[in-house]
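Counting starts at 1 for both ligands and their atoms, following the listed order.
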Amino acid sequence: MLFKSTNSDTSPVSFKEAVLRCLPDGGLYVPASLLDLRQFFVYMNSGATYPELVSAIAPLLLQGEMNPYSASRVAESAFNFEPELVPLDDHYSLLTLYNGPTGVFKDFGVAFLAAVLEELLKHSAGAMVISAGRGDTGVSIASAFARRRGITNVILYPPGPIRGLKPADFVPNGGNVIPIQVRGTFDDCQNLVKAVINDRPFAERYGVTCANAINIGRLLPQALYYLYAFIKVKKQIQGDLIFSVPSGNFGNLIAGLYAWKFGMPVNGFIAAMNGNEPFGSWLRGGRFVPRPAVSTKSPALDISSPANFERLAAFYQESPVVMRNMVYPAAVDDRATLAAMEKVWRQYQVIIDPHAAVAFAAAEQLSENFDPSSHVVVLATGHPAKESQTVLEATGQHIKMPHGLALLHEPADPIAIIKPDLTALEGAIASCL
Ligand SMILES: *Cc1c(COP(=O)(O)O)cnc(C)c1O
């Protein structure tokens, strides 16, 4: 597959180049050509495991850049966890995406990116992956990149403890992770990531790229779990198939749209937002007016200006009318979020987290737009144990933290503490290597 920038008409680049450059000329990479996976939907059997599915599709994604054998090795080394399709009834299924090391769907994209980079860089000088990490995102990235040959992993985070990193993985202890605390805001960390990538002399000396969601190498593999859900539900569905996606930065939704563009038969996507619905009116054909985010019970969706705006806009520029028939925006407040958690527990004895609840409530809210025989796959993006307080409030149930996720509570010390300043950052990195 080839990729182009949303910001210019320069010639398309390979997957490897798109992954390593991350941010071309102020834009974002999007596919310049699409895969046609319609064949795949015919022959892939519904009993396939996730690694089997990834091994079948990764060689097509990476065609011309990696032989099929290496691509399968990437699939195997990326995933020791799987999504699960949980049928609720004729109308609803859950796609649980929280079985990875940090209990959120982001583990899927990060794990693939780490495995594919290691393979692509086998015969080159090595690379440095630099990311802004808040909450568990930094941990997700650190755990996927730990011990990957030839890759140094710098994580920038704002003041406050960073939890769940393993000091044994840090550079001074023989590992490859460099956690750096930045005396500033999370936005300062994100701006520093962009500044380092755009500092060409430094970026080229160390082979710098990033593992934030802006990297297409993290976004694209998320399309694979939509395909997985499709092969699991296709036998059970009589009518239309809809995915409901709790959306903050809109990466997950865009990955679903790629799956659709690759030929997955699907009839619509619900862009499920909470009280923060920065894209609501834009998706309906109005203007996009960023508003400061407010705190809700589904914190991962509290975003004022989604990072994937250019990518979403690229879809609408191509075919606005088709897109308005494909993406259904919905806004769900905290009360409806808690009510959805309670209902799913009462009706199906299944506990969902507030983010999945936003998606479930959005599907119910929009049900009149869909054929009565349609089936909605609700993306369960976060482990309910990570929001145990809200689970208790909504359902009265105490939920235990799985052992792996409990480790996310251990605080770790940074290797350096710096001002939000490019020279300070580059100095801190250089002094570790
Ligand atoms: C990040 C996150 C989301 C939002 O996903 P986007 O791709 O940013 O839209 C939803 N749910 C959970 C649990 C998350 O961590």
Side-chain angles (χ1 to χ4, degrees), residues 28 83 94-113 131-141 164 186 190 211-226 243-259 269-280 282-283 293 295-312 315 327 329-332 337 340-341 351-362 377-391 405 408:
L28 294 175
L94 291 178
L95 179 66
T96 68
L97 298 171
Y98 51 64
N99 306 314
T102 68
V104 293
F105 78 90
K106 294 177 180 74
D107 289 332
F108 282 90
V110 171
F112 185 89
L113 175 63
S131 314
R134 181 173 44 181
D136 298 335
T137 308
V139 181
S140 181
I141 294 170
F186 182 66
Q190 281 188 306
N212 282 114
I214 45 179
N215 196 318
I216 188 76
R218 191 177 134 178
L219 188 57
L220 205 59
Q222 289 178 219
L224 301 177
Y225 51 67
Y226 286 90
F243 284 92
S244 188
V245 188
S247 296
N249 275 315
F250 280 73
N252 214 354
L253 185 84
I254 288 168
L257 293 173
Y258 289 143
F269 292 90
I270 298 171
M273 293 166 279
N274 61 24
N276 298 288
E277 45 153 357
F279 267 179
W282 185 85
L283 290 167
S295 298
T296 71
K297 298 273 184 198
S298 43
L301 313 183
D302 297 347
I303 305 258
S304 61
S305 181
N308 281 297
F309 181 68
E310 289 95 334
R311 286 194 174 113
L312 202 59
F315 276 101
V327 176
V332 172
T337 305
M341 293 170 77
I351 290 181
I352 57 174
D353 95 322
H355 304 92
V358 166
F360 185 87
V377 175
V378 173
L379 267 55
T381 46
H383 198 294
K386 298 184 76 167
E387 299 286 348
S388 56
Q389 208 43 48
T390 310
V391 167
L405 296 184
L408 296 175

Between Phe279 and Phe309, what is the ring plane arrangement, given parallel below 30°, perpendicular above 60°, and tilted in between? tilted

Kindly assign one of parallel, tilted or perpendicular to the pair Tyr258 and Phe315, based on the angle between their ring planes and the thresholds 30° and 60°.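 Judged by the thresholds at 30° and 60°, the geometry between Tyr258 and Phe315 is tilted.
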
With the criterion set at N/O pairs under 3.5 Å, what does the list of contacts between the protein and ligand 1 look like, atom names and distances included?
residue  : atom   : partner : partner atom : Å
ligand 1 : 7 (O)  : Gly251  : N            : 3.1
ligand 1 : 7 (O)  : Asn252  : N            : 2.9
ligand 1 : 8 (O)  : Asn249  : N            : 2.8
ligand 1 : 9 (O)  : Gly248  : N            : 2.7
ligand 1 : 9 (O)  : Asn249  : N            : 3.2
ligand 1 : 9 (O)  : Phe250  : N            : 2.8
ligand 1 : 11 (N) : Thr381  : OG1          : 2.7
ligand 1 : 15 (O) : Lys106  : NZ           : 2.5

Any side-chain heavy atom of Leu95 sitting closer than 4.5 Å to one from Tyr225?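 Yes, their side chains come closer than 4.5 Å.
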
Under the rule for side-chain hydrogen bond (donor to acceptor under 3.5 Å, both in side chains), what residues qualify as partners of Lys297, not counting sequence neighbours?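 Only Glu393 meet the side-chain hydrogen bond (donor to acceptor under 3.5 Å, both in side chains) criterion with Lys297.
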
Residues which pass side-chain hydrogen bond (donor to acceptor under 3.5 Å, both in side chains) with Thr296, listed by chain and number, not counting sequence neighbours: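 Testing Thr296 for side-chain hydrogen bond (donor to acceptor under 3.5 Å, both in side chains), a comparison that skips the adjacent residues, returns Asn274, Ser298, Asp302.
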
Partner residues of Asp107 under the salt bridge (charged side-chain N to carboxylate O under 4.0 Å, His left out) criterion, sequence neighbours left out: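 Not a single residue meets the salt bridge (charged side-chain N to carboxylate O under 4.0 Å, His left out) criterion with Asp107.
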
